[in-house]
A.B. asks: 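Before I ask anything, let me first share the structure, which is written out below as structure tokens.
Naming: A, B, ... by sequence-line order, numbering from 1 per chain. Worth saying up front: this structure is predicted, and the values here are computed from it rather than measured.
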2 protein chains.
Amino acid sequence: MKAAPEREVDRSVSQTVKAQLALRDQILSGALRPGERISELQAVEMTGASRTPVRMALVRLEEEGLLEAIPSGGFMVKAFSERDISDSIELRGTLEGLAARFAAERGVSARELEPLKECLAAIDELLRQVPISIEAFSSYVALNARFHALLTELSRSPPLIRQIDRASALPFASPSAFVMAQSALPEAQQILIIGQEHHRVVIDAIENREGARAEAVMREHARLAVRNLRLALRNRTHLDLLPALALIKTATD
Amino acid sequence: MKAAPEREVDRSVSQTVKAQLALRDQILSGALRPGERISELQAVEMTGASRTPVRMALVRLEEEGLLEAIPSGGFMVKAFSERDISDSIELRGTLEGLAARFAAERGVSARELEPLKECLAAIDELLRQVPISIEAFSSYVALNARFHALLTELSRSPPLIRQIDRASALPFASPSAFVMAQSALPEAQQILIIGQEHHRVVIDAIENREGARAEAVMREHARLAVRNLRLALRNRTHLDLLPALALIKTATD
DNA sequence: TGTATGCGCTATGTATACAATACCGGAGAA
DNA sequence: TTCTCCGGTATTGTATACATAGCGCATACA
């Protein structure tokens, strides 16, 4: 009796979740501009859900950081400065550095390290292409995100994992976002290779229980990302690949 | 008997906020035990609000980390292990370290540093008492929290400030909590003095634009807190001062 | 006596009605 | 012409009704 898909609405996913997804898409796609107020009625007709689940979705998006509560009531789309973005990336890098340190200091079995190494090898394989193809690049983005997620898990610290997830919720702070932005740069290939070296070193450090080294390399990894994001923002080419761009404040701010 | 005759409700604060406050008190006071499911109806009669604001409050408390969503629906009080707690403190320390680094690297005017120095001096004054009185101790807790909040602000990084606030939302991770726990230790006075020395050094480092030093000392500050919290948990004396204790898992976990 | 099935209850998810407030626009007076 | 006040409208906050799904208990049958 699991599937009764011919209903008016899909009961398998709650209206709240559907509304949250739909609204996030609208924000990231730029249909709702930063600073713009979102009225509940508007959100209702965008999502098809009723006001109650829409309100729940709005609250969750606020906690997620995409919306900002207006004191007098309601929500507006949050705007981010360029510095907000680089700070967010550095923030995530710092947290991931702590995760790497925890993993190294607390010890990780070879069994647990295996998926990371597979990920590493798969990326190595992709990077042999010169220049890298579009398909390979999008595979890279997925593998890179997986690598970061696995590394985070290795810390075995639920509070830390939770916080990293929250820090990555902002679209431009996710491991994928800056890679996308980098794709516009002529030095893209070299950057990917350097990033991969960081990945290799952090695994080595964790294996050898070098906590400080594991942490340092992850922080450096984030700084590389910050630098490249800045570069990519300077020469704004192919930035349409980065949906989060819709959230960046204009120069007038 | 709270509900019956009070026809007038306080309109200055929303029902959602009032429900959130009331429920948080119930959780922290231990009236709701970790792992226990909170039914909406139960929450309704505890808070006096209707289901809609209560649901909003529950969602916010979940985001805050005090509640956990049950897959089949509803919420339960979250339970924390001792390691969860020490990790949370170290997490906050890491974030505060980054804030101190930002403040140092980006420069802070003497004008901005003034409130921090006043805070420092006020704590110095308190610590001259040997042994410290109960009243002075509770003043210390307030001043210490203020110091940490001011330091966080100095980073001038909204994303970082936001994340630190979230990390401090868990009651045992707040700057005040571990100080409370320490009060049980015979070495309390010395610990407070060492902590104060950390405060002094971080200000000095920020003034001299020594980012790495500022960061290092804040992280050490957190490690001191972790160590002392562990000590305090070993000899469980006067731990009733720490409301968050209600959230710690029993030894069976 | 044990297990399985069905029924009923309760709790959650959703929708909507109602109330209060904030914002906007127009009109009148200084 | 501008400022202020008043009223209307629109939007949010709150309450509650309704539907549905999950859970437990009881009963019946093996």
Side-chain angles (χ1 to χ4, degrees), chain A residues 1-24 26-27 32-33 35-63 66-78, chain B residues 2-24 26-27 31-33 35-63 66-78:
Chain A
M1 299 306 180
K2 179 110 197 244
E6 297 307 314
R7 302 288 285 191
E8 289 182 11
V9 287
D10 182 8
R11 296 287 178 195
S12 64
V13 174
S14 74
Q15 295 294 92
T16 300
V17 171
K18 283 200 295 186
Q20 189 174 352
L21 260 36
L23 288 173
R24 183 162 35 210
Q26 294 286 312
I27 295 167
L32 298 165
R33 306 209 65 81
E36 187 176 343
R37 182 173 191 157
I38 293 187
S39 93
E40 286 184 7
L41 195 62
Q42 190 183 350
V44 160
E45 61 195 27
M46 280 195 295
T47 61
S50 78
R51 276 185 64 210
T52 303
V54 159
R55 279 180 69 83
M56 302 269 289
L58 290 172
V59 170
R60 294 200 127 97
L61 287 170
E62 183 208 353
E63 301 289 344
L66 255 41
L67 296 180
E68 198 172 348
I70 299 171
S72 66
F75 298 93
M76 53 179 278
V77 180
K78 206 160 172 179
Chain B
K2 184 164 171 89
E6 299 184 64
R7 200 55 263 165
E8 65 162 304
V9 286
D10 182 8
R11 294 290 178 197
S12 65
V13 173
S14 74
Q15 294 294 90
T16 299
V17 171
K18 283 200 293 185
Q20 189 175 352
L21 259 37
L23 289 173
R24 181 159 42 204
Q26 293 286 313
I27 295 168
L32 298 165
R33 306 206 66 82
E36 188 177 342
R37 183 173 188 156
I38 293 187
S39 95
E40 285 184 8
L41 194 62
Q42 189 183 350
V44 161
E45 61 195 27
M46 280 194 297
T47 62
S50 77
R51 277 186 62 210
T52 304
V54 159
R55 278 180 70 83
M56 303 269 288
L58 290 172
V59 170
R60 294 199 127 98
L61 288 170
E62 182 208 353
E63 302 287 346
L66 256 39
L67 296 180
E68 198 173 348
I70 299 172
S72 67
F75 299 93
M76 54 180 277
V77 180
K78 206 160 172 178

A.B. asks: Rounding to 10 degrees, work out the angle separating the end axes of the helix from C/dT1-D/dA30 to C/dA30-D/dT1 (five pairs an end).
C.D. replies: 10°

A.B. asks: In the structure I gave you, are the side-chain heavy atoms of A/K18 and A/T47 within less than 4.5 Å of one another anywhere?
C.D. replies: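 Side-chain contact under 4.5 Å: no.
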
A.B. asks: Just to verify, what does A/R24 make a salt bridge (Lys or Arg N to Asp or Glu O under 4.0 Å) with, not counting sequence neighbours?
C.D. replies: A/E64

A.B. asks: Is there side-chain contact between B/I38 and B/V77, with at least one heavy-atom pair below 4.5 Å?
C.D. replies: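 Heavy-atom side-chain distance check passes, below 4.5 Å.
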
A.B. asks: If you look at every heavy atom in B/G73 and B/R37, which pair is closest and at what distance?
C.D. replies: O-NH2, 2.8 Å

A.B. asks: Output all residues satisfying side-chain contact (heavy atoms from CB on, under 4.5 Å) with A/E62, sequence neighbours left out; order by chain, then residue number.
C.D. replies: A/L67, A/A69, A/F75, B/R60

A.B. asks: A/E45: which residues meet the side-chain contact (heavy atoms from CB on, under 4.5 Å) condition with it, sequence neighbours left out?
C.D. replies: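 Testing A/E45 for side-chain contact (heavy atoms from CB on, under 4.5 Å), a comparison that skips the adjacent residues, returns none.
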
A.B. asks: Round to the nearest Å and state the distance from A/L58 atom CG to C/dT14 atom P.
C.D. replies: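 That distance rounds to 14 Å.
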
A.B. asks: Distances for protein N/O vs nucleotides 11-13 of chain D N/O pairs under 3.5 angstrom?
C.D. replies:
residue: D/dT12; atom: OP1; partner: A/E40; partner atom: N; Å: 3.3
residue: D/dT12; atom: OP2; partner: A/E40; partner atom: N; Å: 3.2
residue: D/dG13; atom: OP2; partner: A/R55; partner atom: NH1; Å: 2.7
residue: D/dG13; atom: OP2; partner: A/R55; partner atom: NH2; Å: 3.0
residue: D/dG13; atom: N7; partner: A/R51; partner atom: NH2; Å: 2.8
residue: D/dG13; atom: O6; partner: A/R51; partner atom: NH1; Å: 2.9

A.B. asks: Whole-Å distance between C/dT16 C1' and A/E45 CD?
C.D. replies: 17 Å

A.B. asks: Measure the CG-OG1 distance between A/L21 and A/T16 for me, rounded to the nearest 0.5 Å.
C.D. replies: 11.5 Å

A.B. asks: In whole Å, I'd like the distance from the CD atom of B/Q20 to the C1' atom of D/dT14.
C.D. replies: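 Rounded to whole Å, this separation is 17 Å.
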
A.B. asks: Between A/S50 and C/dA15, is there a side-chain N or O to OP1/OP2 distance below 4.0 Å?
C.D. replies: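 Affirmative; the distance criterion is met.
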
A.B. asks: May I have all residue pairs that pass salt bridge (Lys or Arg N to Asp or Glu O under 4.0 Å) and include part of residues 49-58 of chain B, sequence neighbours excluded?
C.D. replies: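 Found B/E40-B/R51, B/E40-B/R55.
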
